[in-house]
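As the structure is a computational prediction, the values presented were derived from the model and not from experiment.
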Amino acid sequence: MDRGSAWKLFGAPTDQEGSVNDPRTSEEHGVRWNEKWIYRGADGVTIERLVLWNRYDLAGVFCANGDGGFEPE
């Protein structure tokens with residue numbers, strides 16, 4: 001999945017950390033990423049979905065599982 005397809009499928013992220021050109025990487029949920037799209041719930045606080053990118057490559061999509069954790073979607 002490319003960035004345009006992800007945008008069409010999930011919509012615009014509520015928040016974003018990093019950027020496609022950010023040389024710093026992080027690791028989360030076993031995935032190395034440099035850009036994170038955050039999708040918050042209707043309350044504006046809870047996180048429902050994370051989309052992680054490593055440059056232009058999709059690194060992973062994770063959905064909140066209700067117990068405070070995330071699982072691959």
Side-chain angles (χ1 to χ4, degrees):
M1 178 179 298
D2 64 17
R3 298 167 72 80
S5 297
W7 192 280
K8 284 179 185 176
L9 181 62
F10 301 123
T14 311
D15 295 307
Q16 179 179 328
E17 291 180 21
S19 74
V20 69
N21 294 317
D22 192 340
R24 295 170 292 173
T25 60
S26 299
E27 190 166 322
E28 191 170 345
H29 308 296
V31 175
R32 184 167 296 285
W33 59 273
N34 70 327
E35 182 178 7
K36 174 168 50 173
W37 292 359
I38 302 166
Y39 294 85
R40 296 192 183 276
D43 64 6
V45 177
T46 56
I47 297 174
E48 293 184 344
R49 176 179 288 114
L50 300 172
V51 179
L52 305 177
W53 300 93
N54 191 3
R55 304 283 293 166
Y56 288 96
D57 297 326
L58 179 65
V61 179
F62 298 87
C63 189
N65 63 14
D67 68 358
F70 287 85
E71 56 190 41
E73 187 170 350

Quiz prompt | Nearest-0.5 Å distance that lies between atom OG in S26 and atom CZ in R32 | solution =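 Separation between the atoms: 8.0 Å.
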Quiz prompt | CG on D2 to OH on Y56, rounded to 0.5 Å | solution =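 That separation rounds to 11.5 Å.
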Quiz prompt | Q16 vs E35, side chain to side chain contact (heavy atoms under 4.5 Å, CB included): CA-CA, chis, key distance, verdict | solution = CA-CA 7 Å; Q16 179 179 328; E35 182 178 7; 2.9 Å; yes
Side-chain donor/acceptor of [X] to backbone N/O of [Y], under 3.5 Å:
{"X": "D15", "Y": "Y39", "result": "no"}
{"X": "N54", "Y": "D57", "result": "no"}
{"X": "E28", "Y": "G30", "result": "no"}
{"X": "T14", "Y": "R40", "result": "yes"}

Quiz prompt | Polar contact flag, side-chain donor to acceptor under 3.5 angstrom, D22-S19 | solution =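 Per modelled atom types, D22 and S19 side chains form no pair under 3.5 Å.
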Quiz item: Name the one of V31, I47, V51 that satisfies side-chain contact (heavy atoms from CB on, under 4.5 Å) with F62?
Solution: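 Considering V31, I47, V51, a side-chain contact (heavy atoms from CB on, under 4.5 Å) with F62 is found only for V31.
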Decide yes or no for [X] and [Y]: does some side-chain heavy atom of the first lie under 4.5 Å from some side-chain heavy atom of the second?
{"X": "R49", "Y": "E73", "result": "yes"}
{"X": "R24", "Y": "N34", "result": "no"}
{"X": "L9", "Y": "M1", "result": "yes"}
{"X": "H29", "Y": "L50", "result": "yes"}

Quiz item: What residue among W37, W7, W33 forms ring pair (Phe, Tyr, Trp, His ring centres under 6.0 Å) with W53?
Solution: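 Among W37, W7, W33, the one meeting ring pair (Phe, Tyr, Trp, His ring centres under 6.0 Å) with W53 is W37.
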Exercise. Provide the closest heavy-atom pair for D43 versus V45 in the form atom of the first, atom of the second, distance.
Key: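 Heavy-atom minimum between the residues: OD1-N, 2.8 Å.
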